[in-house]
Every structure is written in structure tokens, then in C-alpha cells.
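To start, the structure under review is shown below, and the notes come after it.
In what follows, chains are A, B, ... by sequence order, proteins preceding strands, each numbered from 1. Values below: all heavy atoms of this structure, side chains included; hydrogens, waters and symmetry mates excluded.
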Amino acid sequence: MEKQYNPKQVEDKIYSCWIENSSFLASESSTKPPYSIVIPPPNVTGILHMGHALNNTIQDILIRYKRMDGFEALWLPGTDHAGIATQNVVEKKLALEEKNRHTLGREAFIQEVWKWKQEYHSTITKQLKKLGVSCDWDKERFTMDEGLSKAVREIFVKLYNDGLIYRGKYIINWCPRCQTALSDEEAAHQELAGKLWHFKYPFKNREGHMVVATTRPETMLGDTGIAVNPKDERYSDLIGQTVVLPLVNREIPIVADDFVDKSFGTGAVKVTPAHDPNDFHMGQRHAMEPIVVIDEAGTMCGEIPQKYIGQDRFACRKDLVEDMKALGLLEKEENHSHAVGHCYRCDTIVEPYYSDQWFVKMKPLAEGALQAALDNTITFYPKRWRKTYIDWMENTRDWCISRQIWWGHRIPVWYCQDCQETVVAVETPTKCNACHSQNLEQDNDVLDTWFSSWLWPFSTMGWPEKTDLVNKFYPTDTLVTAPEIIFFWVARMIMAGLYCTGKLPFTNIMLHGTVRDDTGKKMSKSLGNSIDPIEIIDQYGADALRFSLIMITAQGADVYLHPDTFDIGRNFANKLWNASRFLLGNIDQKVTFNTLPTTESFSAEDQWILSKLNKTIEGTRKAIDLFRLNEACHLLYDFIWHDFCDWYVEAKKADLYQNDSPDKKSNALNLCSYVLAHILKLLHPFMPYITEEIWHHLREKVSYAHITESELIMASTFPKVDISHTSDDIEEQFGLLQEIIIALRTVRSENNVPPEKRGKALIIPAKESTAQWLQSQTDLINLFVRLDETTIDSSASKPTFAGQAVVKGIQVFLELEGLIDREVEVARLTKEINHLKGVASKVKNKIENPNFVNKAPEAVVAKEKEKYQGLLTNLEQLEKNLKEMSKE
RNA sequence: GGGCGUUUAGCUCAGCUGGUAUAGAGUACCUGCCUUACAAGCAGGUGGUCGUUGGUUCGAAUCCAACAACGCCCACCA
């Protein structure tokens, strides 16, 4: 083993080894209880970013933990075809070759995308593998696989037959750049600084005009009326009147509608049913036929003045304001900020657009999905997201599922060209149901990407077929994802799961935060502030990346990433590596252990480390079970670094070096191997590579019955708590010893005693029982403090001059001729006395407060009183010592 | 407009059902060490009226309320 851990030499080799051993494969026929997770499928042409790294590390930890803990663990991987996103990428590429999808034609274009998919699909999966993910790659799926496509058609037909899918002319969010409809969720609102223009619309049959306020002047060309609130007295006598729409000279009515807010703008609103969702609904209420004046590319069209035709909507806005101004019809303009929808794929401002689209009725689907959250059969981690989910479920609006793009699942609907009959079918129909004509044409649109993703937990397992995979692993257990897609994906999967399978697709939802840079900005390629996980893996290793990321991520909180963060994991891996190297380096010939040494041979540190180990096992399990992975990391970090390396291994060095006492050495090796093997197992889900590598080295030197039996650590068993080893008393006792050692080290350090100067310690405990126990620990004290001799004597008198401290009533002296500085000691003791005085007065107030004594639990009161006595004893001794020292 | 979150050491953050000799870690900083596992290390140290103000309580970083700053999500005010 080399002096520094080198992940590069290890990681790829080990991943291949796992693959060769089929270690990730889950079996439908296993008798073990199932545990399953489906991956949130990354975009097929995506590249790995820190969000993926976090998301997949969490899943890998859960799946490895469960796999080691006796479950048949399936982590089902796959990718998403990401309709609009992927089509955009391929179109961009085509544009470079001066081609576009229309010149290519639909068939050729789709082939082009498939080609792209084949080429780039491996990027993201290769990158995931570098992270060390233990996905069952044999079961990898793609949302446009034949089976999954069939599932999409099945559910479409089922929903249609149940009356839950309909087609209609509605106003929807339209991206003029992508030239497709978007769902409400895909139109992300952003606050923009805009203007509010007040326009005058002259009356037809009388003098004067109405003043309407608008943020979108260009839509006035499509106005079909003016609406006012029926209770608005300013306008009550004008309802029913007619105004003449300037520039187009169309006569339009003034109507009354409750929607209108009297207090906003002028209290009168122009109604443009074809270009505003509210106006659309108002138009319906007042039988107004929408007039389209903006086309699918965002340019002006229709029966409007010639000069505007073909103009971009924003250019037209400018001109129109000028023209109205010229006519004297612009009353005023004011600044106004408002939320405007943007395409979540290309960020273009969304245009409300009136067109024929397909919709899913959400209300009926939402009922069960809502109930699952209300009665907590589904659990959110952290739980605050439950409310967000419930709010959305209670206010669902119908889901626009048709997209005017080519890459995706084509809508399984055919129109008879002869009798106009609509045929909805899973398999391509050969003839019309009504007139038997074979002249059928399929709907041109494809389905929203999420219409396939919402089936992911079961379509990937073969649904609608009743496969063994579904039987064994569906429903899944935990979904790990980001809160951004609760509505897009999580909520819809729950609806689809209930609707298709009658079961919730998962019961735990773990939502992790967003990865941000150190200034709090979301990491993204376009902002150029992202840290590339692959670069970090190259530099620090996958384990370091994983461990660092998880350790700094509190449950559900956003992660602020600084490049130095990864030092934590790298240094920790190196620490573990060196501790292992040291232990294994002390084994000359392979040793075999069957059990721990007899209890009688345990030293204090043996009992202590076993107790700590088992507390760590308990804590780690609990933390993972509650999805508090950062807590598990901290527990392991502290135990391994501070308890095991800093104290236990140090304490065992003497035994390990000594070859003249083979029993001692053997016992030390036994215990060290035992603890190390457990450490590796506990850490494996978090740092799979290095633990596997050390495991390999460990097994070359040590055979430990029932512990190192498995050739690969990933196939070994996760440690279970052995309460026969846990003891608070032992931990407390050893803790006292540690405090004494630290006190002595502090004396040395504060007095700048050179390391090579050894010395003597005198320890005067108050109690004889303590003295006896400490007597058995003098070797350890000598070792840790670098002393020649430690004397424990409860009846000894104080040395005339020495470095000193008082630890829980135990007086500790360090005797080093000429090396202890009186001033330093006086200062230290004074400081300590002042500190303790402060504490003591606080405790005194407490125990003298009758309210506290009467109302607080007896145990708490007793504890405080005991604490106070202890403080007094310490203070008394310190003050006495200080006085004596000052006298000399 | 509604909802949610955050505010703790110079920096990044833990701190769960209120009670640990009096708030922890990493990092940074100061001191001493290349001590035969590890300088990516070891030992010791400095550093905090836990955003503000009230309240509940014997007791509050922790529970409640208001306020402030920052951030996020949702929403059809033209």
C-alpha cells in the first residue's frame, strides 16, 4: 500500500470488478425482502452536474445500505428522452449544417435524433458509473423504449376511454421559439419591469372615450370588448355601450364581468380572448369569438392594418404605442412590474395562444394522490414539502399534454380522412371504426415528456404486462429527487401509480436541496459557475466527492459548494487509508480470528472502543433510516478519525510494536481488525471504492470469522448493534482518562515543553476507587503525554512547584524541572478559576431558586446540585494551589 | 398577493423530543512538532450577548408571536 491513497489506481478497476461479479443485479426470484428505487432519469443527452452527483450519491448510499442489510435491492437506472430539450439540441446542431427539421422531414429528423441519442446516451451513464453508482444496468430503460412507449399508449387510451383525456380549443402557453404548447408548469414566471399604457377607446354613439390600461398594447388588435366590474358605479351606465377600437375601427361592446378589479388601472380592461388566458375565459362568458392577431412564431397576423402584418410582437408593441400617441389616444404610460411566463427550456417569453390541444383532467386523478399525503401513507423528507404538495393537489388545473414537436411519443389518435371519425388505439389501426376507410392520419403532435415519466416507476418494470419484476419490486420504496420537480414529476407519478396500478409508486419521498456556488447562485452551465463533478473525481476521487457532498448537505437544505469542500473527503479517505496501512503493515503472516479476545483480557481502551463502535453503528443506522445522511457522515468521521485513529490506534501502538509479547500483539491485532472491518462496512455505502480496496488488503492479511467472509465488501453484511458492548459507564470512565491526558498535554504545550523532554506526573484523585482504576492506566498516560512516570496517590502531598490542573476533583501535576513557567501557570490557573466561578454562580442561582428546586424533575435538580459540589471542590483546590504558587 | 425556508465563530455549516462544567465540526488564524500510519498529518490554543424584540417555562440557540434582512416556490390583477 502506498503512502498516499490514490483513487485513480483503484476506482475503475473496482467498478469493473463489481460489474464482472454481477454485484449490482437484483433478482426477481430472490427470497429476500425487496427494496427498490427507480432513478430520476437524467436527460438522455445530458451531462453530469453536481445536482446529479448529489442525487445519485444519495440513492447509491440507500441502495448499498439496504443491499448489505439483507434486502434484495434494485436500483433501476435509465434515461429520459426529454422531448423539447433534446429536439432543441439536435435542431441547433442541424442549424450549424444549415439544415432544419422542415427540410429534412419528420422521418429523417427523428432518425437524426435517434442517431444523436445513440451517440450521446453513453456520456451520462459513463459519468454516473464514475460516481460509483450500483445500478442494475441490465435493467436500464429509456422512456422511448418499445415497452415504455406501449405503456404510454395504454394509459392514453385508458384515460381517453375513462373520459379523462379530451381535446379542445383553449388558450395555452405557447413558446414561439420552440413552436409548441407548454404546460402551466413549463411556463416559469419571472418578474419583469414593464409598462402600463393607458389607451383611450372612443365611444361609438357619444362623445368621449373609455380608458383601458394594458401591459401588452400589441394585443389590442385582437380586442373583442371592454370589461368593467358590474359594481363599479363609474361605469354602470356605460355597460352595453359600444366603443370603436382604434387603428382597426372594429366596434366592440362594453360588458360587465366580476373578474375585473375596480381598483386596478382604470377599472376597465380590454378583452383579448385569443391572447390572454383571463380574457379567454371572459370572452367565453360573453360569447366573444377570439380574434387571433399573433401567430405561432410570435409575429403579427390576421385582419389588422397592413403595416403591422409580419411584424414581431415586440416591435409591433413599440410602433403601436407610437401610433396611438400620434392619434392622441395615449393617455399616459407608467412603470409597472409584472410576472411574465418564460419557456423553461429556452427562456423565450411565452405567448398565450389559442389552439387545439389535448388535455388530461386532473381533478379525478388528484383525489387519491391528495389523500395519500393527507393521511400520511406517503411521507416527505423533509416534511415541509407535504404542504406544498397538498396545496398543488387541491388546486390542480387540467394538464396540456400535446406538444407540437416531433421528438417524443406521437399521440395515439388517428383521424379518418373520409368520415372525420377519431380513432384512439394502442396499436396503429388499419381502418376507421365507423366507415372502415383505410384513409387514416395520425395526430401530428407528440406527448409532453412528463407523460411518459409519470409512468416511470412501473413502466420500467414492464407494466402493463404482469412481469416478475413488477411483482417483486413494485411499488418502490423511496424516491430521491429535487423539490423543483414535485409538480412536474412526483405528483404526477403518484397520480399515475394509483390510476394504473392501484398502488402508490413509493412511500418515502426524499427531497434534497439545490446545489449552489459559494455565492448562493444556482450552479448551471449557462452561468458558468458550475463545478464539474468529473473534474473533481479526477482530482480528488469519487469517494471524496461523495463523502464531502453528503457531509455538508443537511436534510433538504441547499448546498453551497466551495471548491475546497472536497478536501474534507480526500483527507478523510487518506486518513482511513493510512490507519489501515499501519494496522495491516504490522501483520507479517496472515492471521485468523474466530472471536474477540476474552473479556478479561480487555483493556480500558478496548472496552471503550467497542462501546463507541456500537454506538456509532446504532447512530449510523438510525441516521440513514431517517434520511439524515449528513449526520451519518459526521458520526463516522468523528468515530473513525478521532476515536479510532487519535485514541485507539495510538493506544494500541505499544502492543502492536512489541514482538516479545505475542498475546498482547495478537489481541491488539484482533481488536483492531475487528473494528477496522466494521468501519469499512459502515463506511462502504458512502465511500464504496476505498472501502472495497482496503477490504481487499484486509482479507489478504486477516481472516475473521463471520466478518470478513465475503470476498467483496459490497456483498458483505451491514454491522448490527451488539448491546453487550455498549456501556455509558465505560465511556464516562475512559472520558475522564482522556480529560486528564488532555490537561497534562495542555500544560506541556502552554509551557512550550520540547517533545523530547519527558517528565513525571503526579495525580491525586479524591476517591480511592478512582485511584485504583487510574493506577491501571499509567502506561497509557505515559504514552499519550510522553512521560517517564506517572504516580497515582490519593494521599500524596502537592509538589512544591509544578504545572497543574484540576479535572473533576482530581488534581493533576506535571513535574518538569526548570521547564514550567510560573507566570504561565499563574495565568492559566487564574483564567480557569474565573471561568469556573462564572459557571458556579450560574449553577448556584439555579439550585437556590425555589421554583427550580420545586418544579424541575428531581433527577435534574440532583444533577445540578452534584455539579455545583464538583465545581466548588475544583475551585477550592485551584485557589489553594494558586495561592501557594504565588507565595513562593 | 399567498406560502415556505434561512439568519449560530472571520468563512461554510451541524445542533432532532427545551436541561451535558455552560453552544459543536470543518476551514482559517496563532504556538510547538517532518514523534518509525498519515504534513492531505500530530498536539495545544484564540475566536460566539445563537438576526432583533417580546412571550411561554423553574429553565430557551431549541417552543410561540411580531419585526428585519436574504432566498425559494406558487398565483389569471389587465
Q: Taking only the side-chain nitrogens and oxygens of A/Arg397, find out if one of them lies under 4.0 Å from OP1 or OP2 of B/C76.
A: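 True: A/Arg397 side-chain N/O within range (under 4.0 Å) of B/C76 OP1/OP2.
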Q: Establish, with yes or no, whether the OP1 or OP2 oxygen of B/G45 is under 4.0 angstrom from a side-chain nitrogen or oxygen of A/Thr746.
A: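 Yes, because at least one side-chain N or O of A/Thr746 sits under 4.0 Å from OP1 or OP2 of B/G45.
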Which part of the nucleic acid, if any, lies within reach of [X] when heavy atoms closer than 4.0 Å are counted: base, sugar-phosphate only, or nothing?
{"X": "A/Trp641", "answer": "sugar-phosphate"}
{"X": "A/Glu864", "answer": "nothing"}
{"X": "A/Lys270", "answer": "nothing"}
{"X": "A/Gly267", "answer": "base"}
{"X": "A/Val260", "answer": "base"}
{"X": "A/Thr215", "answer": "sugar-phosphate"}
{"X": "A/Gln4", "answer": "base"}
{"X": "A/Ile742", "answer": "sugar-phosphate"}
{"X": "A/His336", "answer": "sugar-phosphate"}
{"X": "A/Lys831", "answer": "sugar-phosphate"}
{"X": "A/Asn849", "answer": "sugar-phosphate"}
{"X": "A/Gly838", "answer": "nothing"}

So what's [N] paired with, Watson-Crick or G-U wobble, going by both distances under 3.5 Å?
{"N": "B/C4", "answer": "B/G71"}
{"N": "B/A78", "answer": "none"}
{"N": "B/G32", "answer": "B/C42"}
{"N": "B/A25", "answer": "B/U12"}
{"N": "B/U62", "answer": "none"}
{"N": "B/C50", "answer": "none"}

[atom1] gap between [N] and [M], integer Å:
{"N": "B/C58", "M": "B/A14", "atom1": "P", "result": "32 Å"}
{"N": "B/U56", "M": "B/A75", "atom1": "C1'", "result": "36 Å"}
{"N": "B/U62", "M": "B/C72", "atom1": "P", "result": "27 Å"}
{"N": "B/C50", "M": "B/U7", "atom1": "C1'", "result": "10 Å"}
{"N": "B/G44", "M": "B/A60", "atom1": "P", "result": "33 Å"}
{"N": "B/A25", "M": "B/G47", "atom1": "P", "result": "14 Å"}
{"N": "B/U57", "M": "B/G10", "atom1": "P", "result": "35 Å"}
{"N": "B/U49", "M": "B/G45", "atom1": "C1'", "result": "23 Å"}

Round to a whole Å and report the spacing from [atom1] of [X] to [atom2] of [N].
{"X": "A/Phe852", "N": "B/A60", "atom1": "CZ", "atom2": "P", "answer": "12 Å"}
{"X": "A/Asn854", "N": "B/G19", "atom1": "CG", "atom2": "P", "answer": "21 Å"}
{"X": "A/Tyr235", "N": "B/A78", "atom1": "OH", "atom2": "C1'", "answer": "12 Å"}
{"X": "A/Leu511", "N": "B/C4", "atom1": "CG", "atom2": "P", "answer": "17 Å"}
{"X": "A/Tyr5", "N": "B/C38", "atom1": "OH", "atom2": "C1'", "answer": "15 Å"}
{"X": "A/Arg748", "N": "B/A43", "atom1": "CZ", "atom2": "P", "answer": "14 Å"}
{"X": "A/Asp279", "N": "B/A78", "atom1": "CG", "atom2": "C1'", "answer": "7 Å"}
{"X": "A/Asp558", "N": "B/C4", "atom1": "CG", "atom2": "C1'", "answer": "12 Å"}

Q.
What does the B/S/- profile of nucleotides 25-37 of chain B look like, 5' to 3', with a 4.0 Å heavy-atom cutoff to protein?
A. -S----SS----B
Q. When the aromatic ring centroids of A/His336 and A/Phe264 are compared, is their separation below 6.0 Å?
A.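 Between A/Phe264 and A/His336, which both carry aromatic rings, the centre distance is below 6.0 Å.
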Q.
In this structure, is the centre-to-centre distance between the rings of A/Tyr353 and A/Trp174 below 6.0 Å?
A.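 Ring centres of A/Tyr353 and A/Trp174 closer than 6.0 Å.
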Under a 3.5 Å cutoff, is there a donor and acceptor pairing between the side chains of [X] and [Y]?
{"X": "A/Asp398", "Y": "A/Tyr170", "result": "no"}
{"X": "A/Glu832", "Y": "A/Asn874", "result": "no"}
{"X": "A/His275", "Y": "A/Glu218", "result": "no"}

Counting side-chain heavy atoms from CB outward, which of [options] is closest to [X]?
{"X": "A/Arg745", "options": "B/G44, B/C76, B/C58", "value": "B/G44"}
{"X": "A/Arg628", "options": "B/G19, B/A14, B/C16", "value": "B/C16"}
{"X": "A/Val860", "options": "B/G5, B/C77, B/G19", "value": "B/G19"}
{"X": "A/Phe259", "options": "B/C76, B/G19, B/A40", "value": "B/C76"}
{"X": "A/Lys808", "options": "B/A21, B/C4, B/A14", "value": "B/A21"}

Below 30° counts as parallel, above 60° as perpendicular, anything between as tilted: where do the rings of [X] and [Y] land?
{"X": "A/Tyr637", "Y": "A/Phe547", "value": "parallel"}
{"X": "A/Tyr657", "Y": "A/Phe582", "value": "perpendicular"}
{"X": "A/Trp577", "Y": "A/His697", "value": "perpendicular"}

Q. Near A/Glu823 CD, under 6.0 Å, is it more than 12 heavy atoms from other residues, nucleotides or ligands?
A.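 Not more than 12 within 6.0 Å, no.
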Q: Would you please test A/Phe380 and A/Thr388 for side chain to side chain contact (heavy atoms under 4.5 Å, CB included) and show each step?
A: CA-CA 10 Å; A/Phe380 290 82; A/Thr388 308; over 6 Å; no
(Q) Going by side chain to side chain contact (heavy atoms under 4.5 Å, CB included), name the residues that satisfy it together with A/Asp232, two or more places apart in sequence or in a different chain. (A)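 Side chain to side chain contact (heavy atoms under 4.5 Å, CB included) list for A/Asp232, sorted by chain: A/Asn229, A/Arg234, A/Tyr235, A/Lys262.
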**Q.** Residue closer to the 5' end of RNA chain B, A/Leu871 versus A/Pro277 (nearest nucleotide)
**A.**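 First, find each residue's nearest nucleotide; the 5'-ward one identifies A/Leu871.
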